[in-house]
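So the structure is just underneath, and the comments pick up after that.
Lettering of chains follows the sequences in order, A, B, ..., and the numbering in each one begins at 1. Only this structure's heavy atoms are used, side chains among them; waters, hydrogens and symmetry mates stay out.
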2 protein chains.
Amino acid sequence: MISQAEENYLKAIFKIAEKENRAVSTNAIAVLMQTTPASVSDMLRRLSDKNLIAYEKYRGVQLTEAGKQVATELIRRHRLWEVFLVEKLGFSWDEVHDLAEQLEHVQGPSLIERLDAFLDYPRYDPHGDPIPDADGLWVFRAQILLSDLKTGQRGVITGVQEHSSAFLQYLAQMGLTLGAVLELLERIDYDQSVRVRMYDTRELMLSEKVCKNLFLMIENA
Amino acid sequence: MISQAEENYLKAIFKIAEKENRAVSTNAIAVLMQTTPASVSDMLRRLSDKNLIAYEKYRGVQLTEAGKQVATELIRRHRLWEVFLVEKLGFSWDEVHDLAEQLEHVQGPSLIERLDAFLDYPRYDPHGDPIPDADGLWVFRAQILLSDLKTGQRGVITGVQEHSSAFLQYLAQMGLTLGAVLELLERIDYDQSVRVRMYDTRELMLSEKVCKNLFLMIENA
DNA sequence: AAAAATATTTAGATTTGCCTAAAAATAAAT
DNA sequence: ATTTATTTTTAGGCAAATCTAAATATTTTT
Ligand SMILES: [Mn+2]
Ligand SMILES: [Mn+2]
Ligand SMILES: [Mn+2]
Ligand SMILES: [Mn+2]
């Protein structure tokens, strides 16, 4: 039996480990989960007892295979529920995360398989993040940040780095949704802001902050 | 803030109060929730502190208006999720209760309103139980048990008294689903079992136990 | 290499929700 | 009206998950 709190910790560890290539620190977990390092230490002991993480005091943690599986399944459930909320219930992409945080913990035989089928086996969630399949596998996409796009290159928006409501709402308002195509016309030296042309010929100015949080795939034009 | 455990207690009290017309006893709650009377006493104190129930020691409890509202909303959420699981995900009516017990606790603005709309505002759940609307209101149906039907009368199946998987599976297997029409041909004096004719002309024998757990509305033929 | 800063763990409490066993109140039976 | 049986509450404890404050380990700086 794995509690909801334990599941959440495993997911947090998984997400941190995805970015950094070393053992995950107590502090990093505490920051991401908005709790105290003391609480994290406490939980790490429990997760270690259950062989879900490899834990050496003061040396950080790594997920075991069992822990990785729990985390991956949780991410799968989270992202599938997000697709449901957007595609079927009509929520916008900035409204669904907190609901999915709850729905992801619902347990029951065949629920997720049926949901997956009902949604027609989506491979990406509303934010462009990949959805692990029933075996925990997903495809890797070679996406780059808009801040790394070269002048003259065109790209399709495929995801976001930051997931805040404020950012997501801003993007939606600007028409910068998943699948939108844009061409980088110019990068301003002074503040690293950019001028882009959308597929519909509109021209937009985007700040460096936006560029550093928007993923694209380069179009082989 | 009302916890999941508190919500569950309020629902249990509501359901007991629906049947019996007096204050709800500690014991009745303990039996329904499969816990100890001591735990119930504990929780009743907490619910009383929050003004969700009117509680006099040794004299049983009643829901306050606030408590009734929480219970009704919880029932609404439970039954809407059951409709979703059956209508959209293809579960059978004997598989959905435990999942709905979890889904009913998911909190979030407009989730249930959107789910209700997505399901096209169903008025009954897969077991024939009425779904409260957004204002907590539902229509009362004058249904009677098959054990109270008179010989020669015809009725439409509209609900079940017992909700066990075993019973629900048995009914499905026999074709005794919601909306099925049957005519009472004969009641056997010896054991109160009955012979019925279904709309498709099949004849079935049903035990007294089945009769006491199957609700119908009489057809004005 | 010692001192200072930072990160992590431990100790001790708290809250929620549950348990068993014992005590107290109420209801039923004689 | 007592006695007996049943119901309900209280007392004391436990596990999960969290917190603050204090102690300890590690890393960085001087
Ligand atoms: Mn999310
Ligand atoms: Mn997402
Ligand atoms: Mn149910
Ligand atoms: Mn139901």
Of the listed nucleotides C/dT20, C/dT9, C/dA7, the one nearest the side chain of A/N27: C/dA7
Candidate nucleotides D/dT18, D/dT9, C/dT10, ranked by approach to the side chain of A/K57 - the nearest: C/dT10
Between P of C/dG17 and CD of B/Q4, the distance in whole Å: 9 Å
Phosphate-side-chain proximity, A/S3 and D/dA17, N/O vs OP1/OP2 below 4.0 Å: yes
Per B/Y55 side chain, nearest of listed nucleotides D/dT9, C/dC19, D/dT8: D/dT9
Ring-ring centroid check A/H127 A/H97, cutoff 6.0 Å: no
salt_bridge(B/D133, B/R76) N-O dist < 4.0 Å: no
Sugar-phosphate, base or nothing in reach of B/A38, heavy atoms under 4.0 Å: base
Separation of atom CD1 in A/I29 from atom C1' in C/dT8, rounded to whole Å: 11 Å
Atom pair distance, as rounded to whole Å: CG in B/L47 and P in C/dT16: 12 Å
Length of the line joining A/E7:CD and D/dA16:C1', which is rounded to integer Å: 15 Å
Side-chain N,O (A/R46) to OP1/OP2 (D/dA17) below 4.0 Å: yes
Atom-to-atom span, OH of A/Y58 to C1' of C/dT8 - whole angstrom: 5 Å
Listed nucleotide nearest any side-chain atom of A/T26, set D/dT18, C/dT9, D/dT20: C/dT9
Distance in angstrom units between B/M1 CE and C/dT16 P, rounded: 12 Å
Salt bridge flag under 4.0 Å for residues A/E162 and A/K209: no
salt_bridge(A/E101, A/R77) N-O dist < 4.0 Å: no
Phosphate contact (D/dC19 OP1 or OP2) by A/T35 side-chain N/O below 4.0 Å: yes
Nearest-nucleotide pick for B/R59, side chain only, options being C/dA27, D/dT18, D/dT9: C/dA27
Nearest listed nucleotide, side chain of B/S41, among D/dT7, C/dG17, D/dT10: D/dT10
Watson-Crick or G-U wobble mate for C/dA25, both contacts under 3.5 Å: D/dT6
Nearest-angstrom distance from the residue atom CD of B/Q34 to C1' of C/dC19: 16 Å
Euclidean distance, atom CG of residue A/D42 to atom P of D/dT18 [Å, nearest integer]: 9 Å
Nearest listed nucleotide, side chain of B/L44, among D/dT27, C/dG17, D/dT9: D/dT9
Working for side chain to side chain donor-acceptor pair (under 3.5 Å), residues B/E7 and B/Q107: CA-CA 12 Å; B/E7 283 189 330; B/Q107 307 273 354; 3.1 Å; yes
Residue whose closest nucleotide on DNA chain D lies nearer the 5' end, A/S39 versus B/E56: B/E56
Residue-phosphate contact under 4.0 Å: A/T36 side-chain N/O, D/dC19 OP1/OP2: yes
Proximity of A/F84 and B/F84 rings by center, below 6.0 Å: yes
A/A5 side-chain proximity, nearest of D/dT18, C/dT8, C/dT26: D/dT18
